[in-house]
Participant: 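Please find one structure pasted underneath; my questions will follow.
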Amino acid sequence: MKGKRDKEETKTTESDSSQPVNFIRAIIAEDIKAKKYESRVNTRFPPEPNGYLHIGHAKSICLNFGVAAEFGGLCNLRFDDTNPTKEEVEYVEAIQEDVRWLGFDWDNRLYYASDYFEQLYQFAVQLIRKGKAYVCDLSPREMKDYRGTLNEPGRESPYRNRTAEENLSLFKRMKEGEFPDGSRTLRAKIDMTSGNINMRDPVIYRILHAFHHRTGNKWRIYPMYDFAHCFSDSMERITHSVCTLEFEDHRPLYDWFLDALDVYHPQQIEFARLNLSYTVLSKRKLIELVERGYVSGWDDPRMPTISGLRRRGYTPESIRNFCERIGVAKRDSMVDMGLLEYCIREDLNKTAPRVMAVLRPLKVVIENYPEDLVEEMEAINNPEDPGAGTRKVPFSRVLYIEKDDFREDPPKQFFRLAPGREVRLRYAYYIKCTDVVKDDQTGEVMELRCAYDPATRGGDSPDGRKVRSTLHWVSASHALEAEVRMYDHLFTKPDPNDVEEGLDFKSYINPDSLVTLTSCRVEPGLAGAEPGSVYQFERQGYFCADIDSSEGSLIFNRTVTLRDTWAKIEKLQK
RNA sequence: UGGGGCGUCGACAAACGGCAAGUCAGGAGACUUUGGAUCUCCCAUCUGGAGGUUCGAAUCCUCCCGCCCCAGCCA
């Protein structure tokens with residue numbers, strides 16, 4: 001058993017072409033070789049519970065948990081909950097659900113920065129004792145003024161040289177709640193002339209008389225990110241503290257705090273955050289979409305949130321594959337939404353049962369088909385998976401086909417049904433269109449009259465004649481009615497963050513990002529489709545039963561369309 | 001004009017001085033009872049630019065150009 005495992009491990013390390021190398025994996029591999037951190041690997045995923053997780057977080061989750069697993073290490077889940085004014089339990093619960101759903105497990109290593117408040121307070125006291133921190137009475141306005149600008153150095157606070165005793169006493173009184181919000185801060189004493197503004201005596205603690213979702217009213221002072229994060233990493237004995245590029249400037253501060261108290265020192269490594277075309281991935285913007293009602297909620301299937309993607313029909317597997325494919329690097333980039341769509345198609349193609357559903361029904365009467373006859377046609381559930389078996393689909397004289405599958409004046413290369421033309425009905429018969437019934441007033445095509453060839457049952461013609469097209473269909477009297485929500489990109493612009501003068505990102509919201517179709521007809525086998533279950537509606541795309549769906553009212557979300565060669569041709573013709 | 005990063009195919013992204021991987025997109029064809037899937041082939045004589053070092057440079061050096069981040073008591 002052990003021998004076998006060793007062999008497998010050897011194999012995977014040798015063929016590391018299967019695991020794309022990225023610079024973070026490379027650093028960790030080298031550290032292990034150099035016996036740094038006793039060759040341990042312990043990463044962490046540290047979300048702030050102030051919003052839902054999105055696909056950009058998935059990149060970080062896959063990286064942190066993935067790399068830990070790969071090197072036989074651990075990854076902690078830690079809530080970075082140091083700002084009670086923005087954080088909520090709703091988010092901490094949703095975040096855990098999403099990480100778990102993505103397929104990752106933190107075992108018993110669920111931590112909160114707020115669990116460290118007492119220890120963090122002690123660290124701050126130590127810093128004061130060492131003369132490396134001081135209580136500052138500058139108002140926010142004044143502090144900004146003293147900070148200087150990008151080009152000019154800052155000036156030292158007049159409170160910078162208080163004695164340790166005075167600082168200790170003041171800091172204690174801050175903790176006790178003696179002072180109002182904003183009246184004082186605890187600051188690190190570093191260098192007001194530093195070119196790196198983060199080093200110009202950054203605030204470590206601020207006064208906040210706010211209720212914290214975990215510590216209640218116990219604290220009136222809360223640590224800032226830079227202070228809390230490095231020490232949290234240190235206390236958890238994190239080896240590699242992976243974060244996004246905007247924290248690169250904070251690394252000197254991260255290092256400064258840990259060195260100042262000479263404690264265990266993880267290393268911070270930064271990578272570029274994900275940008276995805278046709279959507280936004282900033283929490284601020286996502287919150288705005290939710291709160292202003294541009295979408296139905298965090299789990300609106302158009303949202304790039306994990307919960308939105310889940311409701312849309314994306315699988316954890318497809319998202320993990322996506323994160324693997326996009327790679328990890330330090331340069332800013334914008335990943336094509338098409339790649340995410342490719343990943344879900346790739347997954348669903350292998351697993352989704354095929355089914356026939358008519359989204360925009362057009363009535364077809366097979367005039368030479370017996371009035372009362374109903375035949376059960378055998379259909380393949382998944383051509384990619386023979387084990388998925390077959391099913392029976394009822395066929396009768398009156399059917400529905402897709403409106404788009406008929407053209408009175410078929411353009412070049414349109415192979416589907418047209419007057420006088422013969423096509424195949426999938427798993428059924430060849431039919432030929434003999435007549436078109438139109439509305440007298442509008443001229444709209446209301447119904448097609450067709451003739452079938454009984455010799456083609458099952459879809460093959462004994463005389464070997466070919467038809468260019470195969471259409472999906474449902475039997476009118478057997479089909480179930482369903483609502484189908486056709487989702488598309490939330491934004492019309494590849495980069496909605498690139499705003500023109502006088503507009504903002506919301507100006508580019510796609511008005512057709514949701515088109516609801518109500519009188520769709522689906523094959524009877526879909527009765528009672530489990531919410532969340534995904535199907536391929538043949539020739540259309542992948543659809544999943546929405547959580548709003550029930551036995552009595554079927555609702556499907558379009559996850560993604562199938563690749564559509566005809567749509568491409570048609571677009572070129574226009 | 002300060003500090004920190006980054007520039008390789010339309011989009012991602014490898015290559016760590018030895019002669020530009022792979023993936024998506026795109027194109028051509030084969031096959032096809034999904035215009036799906038699958039399969040085959042094509043798609044950077046070139047790595048932001050200019051010099052230099054070297055037998056040899058995307059990789060090293062110099063200068064230039066461009067893009068991103070930082071002036072919250074947010075993370």
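What you see is a predicted model, and the numbers here were worked out from it, not measured in a lab. By convention in this document, chain letters (A, B, ...) are assigned in the order of the sequence lines, proteins followed by strands, and residues within each chain are numbered from 1.
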Participant: Please compare A/A272 and A/P383 by the position of their nearest nucleotide in RNA chain B and report the one closer to 5'.
Facilitator: A/A272
Participant: Within the 4.0 Å heavy-atom criterion, would you say A/I569 contacts the bases, only the backbone, or no part of the nucleic acid?
Facilitator: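 The residue A/I569 makes base contact.
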Participant: Pick base, sugar-phosphate or nothing for A/M199, based on heavy-atom distances below 4.0 Å to the nucleic acid.
Facilitator: nothing
Participant: From the set B/C74, B/C68, B/U34, return the single nucleotide nearest to any side-chain atom of A/D332.
Facilitator: B/C68
Participant: Side-chain N or O of A/S333 versus OP1/OP2 of B/A11: is the shortest distance under 4.0 Å?
Facilitator: no
Participant: Tell me whether the side-chain N/O atoms of A/S469 come closer than 4.0 Å to OP1 or OP2 in B/G35.
Facilitator: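 So the side chain of A/S469 is outside the cut-off, no N or O lying under 4.0 Å from OP1 or OP2 of B/G35.
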Participant: Kindly indicate, with the supporting measurements, whether the criterion salt bridge (charged side-chain N to carboxylate O under 4.0 Å, His left out) is fulfilled by A/R214 and A/D115.
Facilitator: CA-CA 9 Å; A/R214 300 196 84 236; A/D115 285 346; 2.7 Å; yes
Participant: Out of A/V335, A/L339, A/L340, which residue meets the side-chain contact (heavy atoms from CB on, under 4.5 Å) rule with A/M337?
Facilitator: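 Option passing the side-chain contact (heavy atoms from CB on, under 4.5 Å) with A/M337: A/L340.
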Participant: Check whether the side chain of A/E384 and the base of B/G36 form a donor-acceptor pair under 3.5 Å.
Facilitator: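 Such a pair exists between side chain and base.
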Participant: Between A/D495 (CG) and B/G10 (P), how many Å, whole number?
Facilitator: 18 Å
Participant: So, using salt bridge (Lys or Arg N to Asp or Glu O under 4.0 Å) as the criterion, who are the partners of A/E236 when residues are at least two apart?
Facilitator: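 A/R78.
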Participant: OP1, OP2 of B/C74 versus side-chain N and O of A/R206: anything below 4.0 Å?
Facilitator: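 Yes, A/R206 has a side-chain N/O under 4.0 Å of OP1/OP2 on B/C74.
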Participant: Heavy atoms under 4.0 Å, any strand shown: does A/Y222 hit a base, just sugar-phosphate, or nothing?
Facilitator: nothing
Participant: Which atoms form the tightest heavy-atom contact between A/F231 and A/F257, and what is the distance?
Facilitator: CZ-O, 3.6 Å
Participant: Within the 4.0 Å heavy-atom criterion, would you say A/F537 contacts the bases, only the backbone, or no part of the nucleic acid?
Facilitator: nothing
Participant: To the nearest angstrom, how far is A/Y342 atom OH from B/G22 atom P?
Facilitator: 15 Å
Participant: Are side-chain heavy atoms of A/R539 and A/R426 found at a separation under 4.5 Å?
Facilitator: no
Participant: For atom C1', what is the distance between B/C43 and B/A28, given to the nearest Å?
Facilitator: 11 Å
Participant: Would you confirm whether A/D81, through its side chain, and A/S114, through its main-chain N or O, come within 3.5 Å as a donor-acceptor pair?
Facilitator: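 The answer is yes, because a donor-acceptor pair under 3.5 Å joins these two groups.
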Participant: Which part of the nucleic acid, if any, lies within reach of A/D460 when heavy atoms closer than 4.0 Å are counted: base, sugar-phosphate only, or nothing?
Facilitator: base
Participant: State whether A/Y225 places a side-chain N or O below 4.0 Å from either non-bridging phosphate oxygen (OP1 or OP2) of B/C74.
Facilitator: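 For B/C74, OP1/OP2 do not have a side-chain N/O of A/Y225 under 4.0 Å.
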Participant: I need the single residue from A/R468, A/E570, A/R421 that forms a side-chain contact (heavy atoms from CB on, under 4.5 Å) with A/F414. Which is it?
Facilitator: A/R421
Participant: Looking at A/Y111 and A/S232, would you say the former's side chain and the latter's main chain have a donor-acceptor pair under 3.5 Å?
Facilitator: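 Side chain of A/Y111 to backbone of A/S232, a donor-acceptor pair under 3.5 Å: no, none is there.
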Participant: Whole angstroms only, please: what is the NZ-C1' distance between A/K175 and B/C73?
Facilitator: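 A/K175 atom NZ is separated from B/C73 atom C1' by 20 Å.
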Participant: A side-chain contact here means heavy atoms from C-beta on lying under 4.5 Å apart; do A/D347 and A/Y314 qualify?
Facilitator: no
Participant: Using a heavy-atom cut-off of under 4.0 Å over every strand shown, decide if A/N83 touches base, sugar-phosphate, or nothing.
Facilitator: sugar-phosphate
Participant: Base, sugar-phosphate, or nothing for A/Q413, non-hydrogen atoms under 4.0 angstrom?
Facilitator: base
Participant: Is the ring pair A/Y254/A/H229 parallel, tilted or perpendicular, if the boundaries are 30 and 60 degrees?
Facilitator: tilted
Participant: Reading RNA chain B 5' to 3', what string of ( ), [ ], | and . shows its pairs, if Watson-Crick and G-U wobble pairs count only when both distances fall under 3.5 Å?
Facilitator: .((((((..(((.....[...))).(((((.......))))).....(((((..]....))))))))))).....
Participant: Atom CZ of A/R25 and atom C1' of B/A15: how far apart are they, to the nearest Å?
Facilitator: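 From A/R25 CZ to B/A15 C1': 16 Å.
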Participant: Taking only the side-chain nitrogens and oxygens of A/R563, find out if one of them lies under 4.0 Å from OP1 or OP2 of B/A37.
Facilitator: yes
Participant: Is there a residue in residues 178-195 of chain A whose heavy atoms reach under 4.0 Å of RNA chain B, and which residues are they?
Facilitator: A/G182, A/T185, A/G195
Participant: Taking only side-chain N and O atoms of A/K568, does any of them lie within less than 4.0 angstrom of OP1 or OP2 on B/G35?
Facilitator: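 Indeed not, no polar side-chain atom of A/K568 lies that close.
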Participant: Provide the distance between the two C1' atoms, one in B/A37 and one in B/U32, to the nearest whole Å.
Facilitator: 9 Å
Participant: When all nucleic acid strands are considered with a 4.0 Å heavy-atom cut-off, which category describes A/L150: base, sugar-phosphate, or nothing?
Facilitator: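 Base, at least one base heavy atom under 4.0 Å.
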Participant: List the residues meeting salt bridge (Lys or Arg N to Asp or Glu O under 4.0 Å) with A/R320, not counting sequence neighbours, and say none if there are none.
Facilitator: A/E317
Participant: Going by side chain to side chain donor-acceptor pair (under 3.5 Å), name the pairs with one or both residues in residues 142-152 of chain A, residues two or more places apart or in two chains.
Facilitator: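 Applying side chain to side chain donor-acceptor pair (under 3.5 Å) to every pair that reaches into residues 142-152 of chain A, excluding sequence neighbours, yields A/S139-A/E142.
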Participant: Does any donor-acceptor pair link the side chain of A/D249 with the base of B/G3 at a separation under 3.5 Å?
Facilitator: yes
Participant: So what does A/H250 touch, heavy atoms closer than 4.0 Å: a base, only the sugar-phosphate, or nothing?
Facilitator: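 The residue A/H250 makes base contact.
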Participant: Taking any heavy-atom pair under 4.0 Å as a contact, classify A/V467: base, sugar-phosphate, or nothing.
Facilitator: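 If one applies the 4.0 Å heavy-atom cut-off, A/V467 turns out to touch nothing in the nucleic acid.
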Participant: By salt bridge (Lys or Arg N to Asp or Glu O under 4.0 Å), which residues pair with A/E346, not counting sequence neighbours?
Facilitator: A/R325
Participant: Within the pair A/R147 and B/G72, is there a side-chain N or O less than 4.0 Å away from OP1 or OP2?
Facilitator: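 So the side-chain polar atoms of A/R147 do come within 4.0 Å of the phosphate oxygens OP1 or OP2 of B/G72, strictly under.
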Participant: To the nearest Å, how far apart are A/E341 CD and B/A11 P?
Facilitator: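 The distance from CD of A/E341 to P of B/A11 comes to 18 Å, rounded to the nearest Å.
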Participant: Regarding B/U8, can its base be found pairing with the side chain of A/R331 as donor and acceptor, where the two atoms are less than 3.5 Å apart?
Facilitator: yes
Participant: Can you check the distance between B/G18 and B/A57, where both ends of the measurement are the P atom (answer in whole Å)?
Facilitator: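 12 Å, rounded to whole Å.
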Participant: Take atom CG of A/L274 and atom P of B/A11, then tell me their distance rounded to the nearest Å.
Facilitator: 16 Å
Participant: In whole Å, I'd like the distance from the CD atom of A/Q536 to the P atom of B/U38.
Facilitator: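 It works out to 12 Å between those atoms.
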Participant: Where does B/G72 land, syn or anti, given syn is within 90° of 0?
Facilitator: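 This nucleotide is in syn.
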Participant: Would you state whether a donor and an acceptor, one from the side chain of A/R539 and one from the base of B/G35, lie under 3.5 Å apart?
Facilitator: no
Participant: Of the nucleotides B/G10, B/U23, B/G5, which one has an atom closest to the side chain of A/D336?
Facilitator: B/G10
Participant: What is the distance, to the nearest angstrom, from the NZ atom on A/K144 to the P atom on B/C74?
Facilitator: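 Distance, rounded to whole Å: 14 Å.
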Participant: Specify the residue among A/L138 and A/W566 whose closest nucleotide of RNA chain B lies further upstream toward the 5′ end.
Facilitator: A/W566
Participant: Could you tell me whether A/E48 contacts a base, only the sugar-phosphate backbone, or nothing, with contacts defined as non-hydrogen atoms closer than 4.0 Å?
Facilitator: sugar-phosphate
